[in-house]
Amino acid sequence: VQLQASGGGLKQAGDSLRLSCVASGRTFHSGAMGWFRQAPGKEREFVAAIRWTDGITLYTDAVKGRFTISRDKAKNTVYLQMSTLKPEDTAVYYCAGDRSRTIPSNMGTMSRYDGWGQGTLVTVSS
């Protein structure tokens, strides 16, 4: 399985940005896909996830109301629409896939994800 993330860039606080992640090879149609991020000097953390079958989503509190995760089944692609960006959103964003069946409350558990993309850098200036 290959996951290819794209869409990162340099933005100002308050701007919007959309990240994309395309999955090729074996897919995650039985499980979920998620976005994680790692800021400089910090550990990787969960951002958002979506269960592929029914579109149920989960978000970390820091992005609720600002970020939206969605998927396009036909394109095997998951998106992260980020709005009202803040400097603290600056990080490398990774998409990941969990091929196992999951319940929504488990989608934020990093260890469940067995496929990872290469990361895309998002920088938000104040």
Side-chain angles (χ1 to χ4, degrees):
V1 176
Q2 287 189 327
L3 296 173
Q4 183 71 39
S6 62
L10 175 62
K11 290 290 182 180
Q12 292 187 331
D15 285 351
S16 298
L17 188 66
R18 188 178 80 161
L19 306 182
S20 301
C21 178
V22 181
S24 59
R26 297 179 68 182
T27 61
F28 302 96
H29 292 177
S30 296
M33 289 188 72
W35 288 96
F36 293 79
R37 66 186 180 185
Q38 187 165 17
K42 295 187 178 181
E43 294 186 350
R44 193 173 300 188
E45 64 176 1
F46 169 74
V47 176
I50 186 167
R51 194 161 66 179
W52 198 262
T53 53
D54 55 14
I56 290 179
T57 59
L58 182 70
Y59 298 91
T60 190
D61 287 346
V63 307
K64 282 181 180 177
R66 300 189 298 121
F67 291 10
T68 302
I69 188 171
S70 61
R71 85 265 192 253
D72 185 325
K73 289 185 174 182
K75 296 182 179 179
N76 282 336
T77 300
V78 64
Y79 303 98
L80 185 68
Q81 178 67 47
M82 304 186 291
S83 302
T84 319
L85 284 165
K86 302 177 180 180
E88 50 264 44
D89 294 321
T90 294
V92 176
Y93 283 72
Y94 299 90
C95 64
D98 171 9
R99 285 179 288 173
S100 60
R101 296 183 185 276
T102 186
I103 59 176
S105 59
N106 286 343
M107 293 195 296
T109 303
M110 195 181 312
S111 60
R112 293 189 59 88
Y113 290 82
D114 52 6
W116 290 86
Q118 84 288 5
T120 185
L121 177 62
V122 174
T123 303
V124 184
S125 62
S126 57

Are [X] and [Y] joined in one hydrophobic group, where the rule is that I, L, V, M, F, W and Y side chains link up if heavy atoms are under 4.5 Å apart?
X: M110; Y: F46; value: yes
X: W116; Y: L121; value: yes
X: L17; Y: V47; value: yes

Answer yes or no: is there a side-chain heavy-atom contact under 4.5 Å between [X] and [Y]?
X: F28; Y: W52; value: no
X: L58; Y: P104; value: no
X: W35; Y: V78; value: yes
X: K75; Y: V22; value: no
X: M82; Y: V122; value: yes
X: L85; Y: F67; value: yes

(message) Just to verify, what does D89 make a side chain to side chain donor-acceptor pair (under 3.5 Å) with, not counting sequence neighbours?
(response) R37, R66
With a 3.5 Å distance limit and no angle check, can you tell me whether [X] reaches the backbone of [Y] through a side-chain donor-acceptor pair?
X: Q118; Y: Q4; answer: no
X: D15; Y: Q12; answer: yes
X: R112; Y: M107; answer: no

Considering non-hydrogen atoms only, spot the tightest contact between [X] and [Y] and give its length.
X: Q81; Y: S16; result: NE2-CB, 3.9 Å
X: P87; Y: S126; result: CG-CB, 3.8 Å
X: Y113; Y: A32; result: CE2-O, 4.2 Å
X: K73; Y: T53; result: NZ-O, 3.3 Å
X: C21; Y: L3; result: SG-CB, 4.0 Å
X: T90; Y: P40; result: O-CD, 4.3 Å

(request) Could you list the residues that satisfy side chain to side chain contact (heavy atoms under 4.5 Å, CB included) with T57, not counting sequence neighbours? (result) I50, Y59, I69
(message) Once rounded to the nearest 0.5 Å, what's the spacing between atom CE of M33 and atom OG1 of T77?
(response)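 The OG1 atom of T77 is 8.0 Å from CE of M33, to the nearest 0.5 Å.
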(message) Measuring from atom CG of D98 to atom CZ of R51, what distance do you get when rounded to the nearest 0.5 angstrom?
(response) 11.0 Å
(message) I want to check a possible cation-pi pair here: R44 against F36, using under 6.0 Å from ring centre and within 45° of the ring axis as the test.
(response)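 No.
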